[in-house]
Amino acid sequence: MPGCFKKTLCALASLLSFVSSVLIVVAMGTPKWMTGKILCKTGADLVNATDPELVKFIGEIYYGLFRGGKIRQCGLGGRRSKFTIFPHMVKKLNTGLHVMIIMFLCVAICFSLVSFGFCILNAIKVPYRAIKGPAGICLWNFLAGGFIVLAVTSFMAAVKLHHLTERIANFRENVFKFVILEERFEDCFWLCVASATAHAVNLLLIPISGINFPKIKTKTEEANVTAEDIMY
């Protein structure tokens, strides 16, 4: 049976793995990975808008992996609209990269749940095979964290290198052209970063749980038997 110290750390590692999988699911289902401000350049150029007047042509956009929305400001007031990435918009984006981000996160969820199961197993008993012990837990946490890092890096590449926000803002815009004034990574993006951090913490906890601390031995005092004690 594992010691109390190892049980505690394995239980904590299992909790972190489970929380990590929940964070990824929440992040994937929420359309707030990226927000930004978009300028209706066509409308601003038509009226030669100066700095104080540009406010009437600045709208907002937000999106996630599956859906989003925007507020178009082209001089006649704001118009709200919502959109979905699949099945139509993805054709205008870098399809392969976008699908890879989703696949990386799905694989990371699977490895997080595997890590959760192995941590529970190690908290209950000492496995006979090394792959089911601390070495296996470290492997699954490394893979889960690695796939999350790949997903986060790919999303950043899609935004910065492939101009994802600009492509989404100009989707099905035949008359007006929008340019991006500001981009911000939002809560869902940082949830994935927190999920990867949880697996990094597990990679520290599991080796620590295998440390065998020396047991403190207490010396028993030798009883001094005297002749008087024998008489009584």
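Note that these values count all heavy atoms, side chains included, but never hydrogens, waters or copies made by symmetry. All residue numbers refer to positions in the sequence shown, counting from 1.
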Report yes or no: do Val159 and Val193 belong to one cluster of Ile/Leu/Val/Met/Phe/Trp/Tyr joined by side chain heavy-atom distances under 4.5 Å? yes
To the nearest 0.5 Å, atom OG1 of Thr153 lies from atom CD1 of Ile148 at 11.5 Å
Only residue of Ser112, Ser17, Ser115 satisfying side-chain hydrogen bond (donor to acceptor under 3.5 Å, both in side chains) with His199 is Ser112
* To do: Group every Ile, Leu, Val, Met, Phe, Trp and Tyr by side-chain heavy-atom contacts under 4.5 Å, then state whether Val25 and Ile102 land in the same group.
  => yes
### Task
State, yes or no, whether a side-chain contact exists between Ile58 and Lys37 at a heavy-atom distance under 4.5 Å.
yes
### Message
For a 4.5 angstrom cut-off between non-hydrogen side-chain atoms, does Ile206 reach Leu9?
### Response
no
Tell me, do Met100 and Phe104 make a side-chain contact under 4.5 Å, heavy atoms counted?
yes
Set out, in order, the CA-CA distance, both residues' side-chain angles and the distance that settles side chain to side chain contact (heavy atoms under 4.5 Å, CB included) for Leu121 and Lys125, then state yes or no. CA-CA 6 Å; Leu121 176 66; Lys125 64 179 183 179; 3.4 Å; yes
Just by modelled atom types, is the Lys177 backbone N or O under 3.5 Å from a matching donor or acceptor in the Asn170 side chain?
no
CD1 (Ile24) and CG (Leu191) are apart, to the nearest 0.5 Å, by 10.0 Å
Could you state whether Ile124 and Phe116 fall into the same hydrophobic cluster, counting links through intermediate Ile, Leu, Val, Met, Phe, Trp or Tyr residues with side-chain heavy atoms under 4.5 angstrom apart?
yes
Heavy-atom closest pair (Cys138 atom, Leu203 atom, distance to 0.1 Å) is O-CD2, 3.3 Å
The test is side chain to side chain contact (heavy atoms under 4.5 Å, CB included); show your working for Leu12 and Leu205 and say whether it passes. CA-CA 8 Å; Leu12 180 58; Leu205 289 179; 3.7 Å; yes
- Item | Thr165 and Tyr63: side chain donor to acceptor below 3.5 Å | yes
Here the pair of heavy atoms bringing Cys40 nearest to Phe176 is SG-CD2, 3.5 Å
| said: Looking at Thr30 and Cys188, would you say the former's side chain and the latter's main chain have a donor-acceptor pair under 3.5 Å? | reply: no
Item to complete: Find out if a path of hydrophobic residues (ILVMFWY) with successive side-chain heavy-atom gaps under 4.5 Å connects Leu150 to Met156.
Response: no
**Asked** So, Thr84 versus Arg67: side-chain donor-acceptor pair below 3.5 Å or not?
**Response** no
Note, Val114 side chain near Leu143 side chain (heavy atom, < 4.5 Å):
no
- Counting only heavy atoms not in Phe142, do more than 12 fall under 6.0 Å of its CZ? no
Value for CZ (Phe118) from CG (Asn122), rounded to nearest 0.5 Å, stands at 8.5 Å
Closest non-hydrogen contact found for Pro207 with Leu204 is CD-O, 3.4 Å
Check for me whether the distance between the ring centres of Trp33 and Phe155 falls short of 6.0 Å. yes
Q. Are any of the side-chain nitrogens in Glu183 or Lys160 under 4.0 Å away from the carboxylate oxygens of its partner?
A. yes
inquiry  = With a sphere of 6.0 Å drawn around CZ of Arg79, does it hold more than 12 non-hydrogen atoms of other residues, nucleotides or ligands?
reply    = no
*Got Leu181 and Ile38 here, is their nearest side-chain heavy-atom distance under 4.5 Å?*
no
Side-chain (Asn202) to main-chain (Ala13) donor-acceptor, under 3.5 angstrom:
yes
Leu23-Leu15 co-clustered via ILVMFWY side chain contacts under 4.5 Å = yes
Q) Does CZ belonging to Phe18 count more than 12 external heavy atoms closer than 6.0 Å? A) no
Whether Lys32 engages the ring of Tyr62 as a cation-pi pair (distance to the six-membered ring centre under 6.0 angstrom, angle to the ring normal within 45°) should be assessed. yes
Taken to the nearest 0.5 Å, the spacing of Met34 CE from Glu186 CD works out to 8.5 Å
CD1 of Ile85 to CZ of Phe171, rounded to nearest 0.5 Å, is 9.0 Å
message = With a 6.0 Å cut-off (strictly less than), is the heavy-atom count around CZ of Arg184, excluding the residue itself, greater than 12?
response = yes
I want to check something: taking the side chain as every heavy atom from C-beta on, are Glu173 and Phe178 in contact at a cut-off of under 4.5 Å? yes
Output for pair (Leu105 CG, Cys110 SG), nearest 0.5 Å, gives 11.0 Å
Are the side chain of Ser195 and the backbone N or O of Ser20 linked by a donor-acceptor pair below 3.5 Å? yes
Practice task
Return yes if some donor-acceptor pair links the side-chain N/O of Lys70 with the main-chain N/O of Ser81 below 3.5 Å, else return no.
Solution key: no
| said: Between Thr8 (side chain only) and Cys4 (backbone N and O only), is there a donor and an acceptor less than 3.5 Å apart? | reply: yes
Here the pair of heavy atoms bringing Leu65 nearest to His98 is O-NE2, 2.8 Å
